Novice: 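Pasting a structure here, questions to come.
Here the structure is a predicted model, which means the values were calculated and not measured.
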Amino acid sequence: MASRKEILKQIADPLTALYGEREAHSIALIVATELSGIGRSTFLVDPDSELEIEGLDAVIERLKKGEPVQYVTGRTEFFGREFEVGAGVLIPRPETEELVDWIVRREASKACSLLDVGTGSGCIAASLKLEMPSARVFAVDLSDDALRIAHRNFERLEADVELRRGDALGDLGAVVREPLDVIVSNPPYVPAADLEGMDRNVRDFEPHMALFVPDNDPLLFYRAIARAGQGMLREGGRLYFEIYHAFAEEMQQMLLGEGYCEVEVREDLFGKPRMICCRKK
């Protein structure tokens, strides 16, 4: 048995060299509250109260190796809801929440059909369905791990999403034959050359197939989805993408070249161009 503050210190101290003091303490609080089942505010109110967390040493060893805390706890929050995550799917980022918010604000006033390409954990598709109940939402992914995790998230959140196996580089039109109003995707977009410069917890643990693209064709997935969209979207339908900030200009030119109009780039909260939308003529 140890006090709550001693447990936080036990978790945070070996992580400080890897993450810095503030981040290490943040991770320690997440782990301690998740594993103990005690709410954050309750946990902090009585720091001297004694507590025992079974298996804590093994958890700390995983964290010391750089494994993301979300994989260790198996959960993360996205758009106000809890999602299961695991080693086979990307951990949702705040900029993806901004993309969902953009779609909801623009599209929620009408009943529409949407497709999330490369759904991963299903966080985009589930959030859109729950925020836009009248929408018909499809989600596709090629990964067996992603399909399993997305399915569990849809069931637990009671999000009526039609989940299908599909390849962003394949014939998406054969997977979802219904005409669509919106296609959204957060596809792989990080050039392979950037691998070594990435944080260890991303580089060593998150699925590379969901992250990286060839250096000589970084818009590979966007172009394929945009071309599929010409046959899948209704007239006036929109594409929404999360993008790599370094390729915002190239993305605009590519979408215009593929026959789309009203191309709009949006910056994230840190001022980087991270989202793009266009309309089918």
Side-chain angles (χ1 to χ4, degrees), residues 30 34 37 62 67-97 99-101 103-104 107-108 111-189 202 205-212 221 224-225 228-229 232 239-242:
I30 291 171
E34 288 280 355
R62 290 173 67 184
E67 185 173 353
V69 63
Q70 295 91 339
Y71 287 168
V72 174
T73 64
R75 294 184 288 273
T76 193
E77 185 176 310
F78 182 86
F79 218 75
R81 300 178 179 91
E82 186 177 270
F83 284 82
E84 175 188 341
V85 291
V89 299
L90 289 181
I91 298 165
R93 267 60 170 191
E95 54 268 24
T96 311
E97 292 181 290
L99 178 64
V100 168
D101 184 66
I103 297 170
V104 170
E107 308 291 346
C112 60
S113 56
L114 304 99
L115 169 63
D116 175 23
V117 181
T119 197
S121 66
C123 63
I124 293 176
S127 299
L128 290 173
K129 178 59 184 179
L130 294 169
E131 295 295 323
M132 303 166 60
S134 63
R136 187 177 184 188
V137 179
F138 302 91
V140 302
D141 208 293
L142 191 61
S143 161
D144 289 336
D145 289 335
L147 290 169
R148 281 193 293 268
I149 291 173
H151 176 71
R152 289 198 292 266
N153 280 323
F154 297 153
E155 281 204 329
R156 186 175 52 80
L157 293 168
E158 298 182 352
D160 185 15
V161 176
E162 299 181 44
L163 181 62
R164 301 177 183 179
R165 180 184 299 278
D167 184 356
L169 301 180
D171 186 2
L172 285 173
V175 179
V176 179
R177 297 183 180 276
E178 293 81 350
L180 299 167
D181 299 288
V182 171
I183 297 175
V184 57
S185 186
N186 176 20
Y189 56 64
V202 177
F205 292 95
E206 296 203 52
H208 285 200
M209 71 175 290
L211 282 169
F212 296 104
F221 286 89
I225 296 168
M232 299 175 73
L239 290 177
Y240 290 87
F241 290 121
E242 183 175 320

Novice: Would you say that V176 contacts V140 through its side chain, given a criterion of any heavy-atom pair below 4.5 Å between the two side chains?
Specialist: yes

Novice: Are the side chains of V104 and M132 in contact, using a 4.5 Å heavy-atom criterion?
Specialist: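 Yes, side chains in contact.
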
Novice: Quick check for you: to the nearest 0.5 Å, what is the distance between F221 atom CZ and Y189 atom OH?
Specialist: 13.0 Å

Novice: Between I225 and I183, is there a side-chain heavy-atom distance shorter than 4.5 Å?
Specialist: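 Sidechains of I225 and I183: in contact.
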
Novice: Does atom CD of E178 have more than 12 heavy-atom neighbours from other groups under 6.0 Å away?
Specialist: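 Counting other residues, nucleotides and ligands, CD of E178 exceeds 12 neighbours.
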
Novice: Quick one: are V100 and F78 in side-chain contact, heavy atoms under 4.5 Å?
Specialist: yes

Novice: Name the residue from E242, E206, E77 that meets the salt bridge (Lys or Arg N to Asp or Glu O under 4.0 Å) definition with R93.
Specialist: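 Result: among E242, E206, E77, E206 is the only option passing the salt bridge (Lys or Arg N to Asp or Glu O under 4.0 Å) with R93.
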
Novice: Could you measure the distance from the CZ atom of F83 to the CD1 atom of I124? Nearest 0.5 Å is fine.
Specialist: 10.0 Å

Novice: Which pairs pass side-chain hydrogen bond (donor to acceptor under 3.5 Å, both in side chains) with one or both residues in residues 162-174, sequence neighbours excluded?
Specialist: R136-E162, D144-R165, E162-R164

Novice: Please check this pair: side chain of D141 against backbone of L147, looking for a donor-acceptor N/O pair closer than 3.5 Å.
Specialist: no

Novice: Could you measure the distance from the SG atom of C123 to the CD1 atom of I91? Nearest 0.5 Å is fine.
Specialist: 11.0 Å

Novice: Are T76 and P92 close enough that some pair of their side-chain heavy atoms sits under 4.5 Å apart?
Specialist: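 Yes, side chains in contact.
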
Novice: How many angstroms lie between atom CD of E155 and atom CG of L163, to the nearest 0.5 angstrom?
Specialist: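 So the gap between those two atoms works out to 10.5 Å.
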
Novice: Counting C-beta onward and ignoring hydrogens, is there a side-chain heavy-atom pair between L239 and V184 closer than 4.5 Å?
Specialist: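 They are not in contact (no side-chain heavy atoms under 4.5 Å apart), so the answer is no.
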
Novice: By side chain to side chain donor-acceptor pair (under 3.5 Å), which residues pair with S121, not counting sequence neighbours?
Specialist: none

Novice: Given the rule in the side-chain contact (heavy atoms from CB on, under 4.5 Å) test, do V117 and L172 qualify, once you have shown the distances and angles that lead to the verdict?
Specialist: CA-CA 9 Å; V117 181; L172 285 173; 4.1 Å; yes

Novice: How close do L99 and Y240 get, counting heavy atoms only, and between which atoms?
Specialist: CD1-CB, 4.1 Å

Novice: Does this structure show an ion pair linking E84 with R148, if we count only N-O contacts that are shorter than 4.0 Å?
Specialist: no

Novice: So, do E107 and D181 sit near enough that their side-chain heavy atoms are less than 4.5 Å apart?
Specialist: no

Novice: Would you compute the distance between atom CG of L90 and atom CD of Q70 and round it to the nearest 0.5 angstrom?
Specialist: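 Reported value, rounded in 0.5 Å steps: 11.5 Å.
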
Novice: Do R81 and L130 have side chains that approach each other closer than 4.5 Å (heavy atoms only, starting at C-beta)?
Specialist: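 Side-chain contact under 4.5 Å: yes.
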
Novice: If you look at every heavy atom in Y71 and P207, which pair is closest and at what distance?
Specialist: OH-CD, 3.6 Å

Novice: Between atom CD1 of I103 and atom CG of L114, what is the distance when rounded to the nearest 0.5 Å?
Specialist: 7.0 Å

Novice: Determine the minimum heavy-atom distance between L115 and M232, stating which atoms define it.
Specialist: CD2-CE, 3.7 Å

Novice: Can you check whether F154's main-chain N or O pairs, donor with acceptor, with R156's side chain at less than 3.5 Å?
Specialist: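 No, the answer is negative, given that no donor and acceptor are paired below the 3.5 Å cut-off.
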
Novice: Restricting to ring pair (Phe, Tyr, Trp, His ring centres under 6.0 Å), what partner residues turn up for F212, sequence neighbours left out?
Specialist: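 Once residues adjacent in sequence are excluded, the partners of F212 under the ring pair (Phe, Tyr, Trp, His ring centres under 6.0 Å) criterion are H208.
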
Novice: For a quick test of reading the model, state the closest non-hydrogen atom pair linking T119 to A150 and the distance between them.
Specialist: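 The pair with the smallest heavy-atom distance is CG2-CB, 4.1 Å.
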
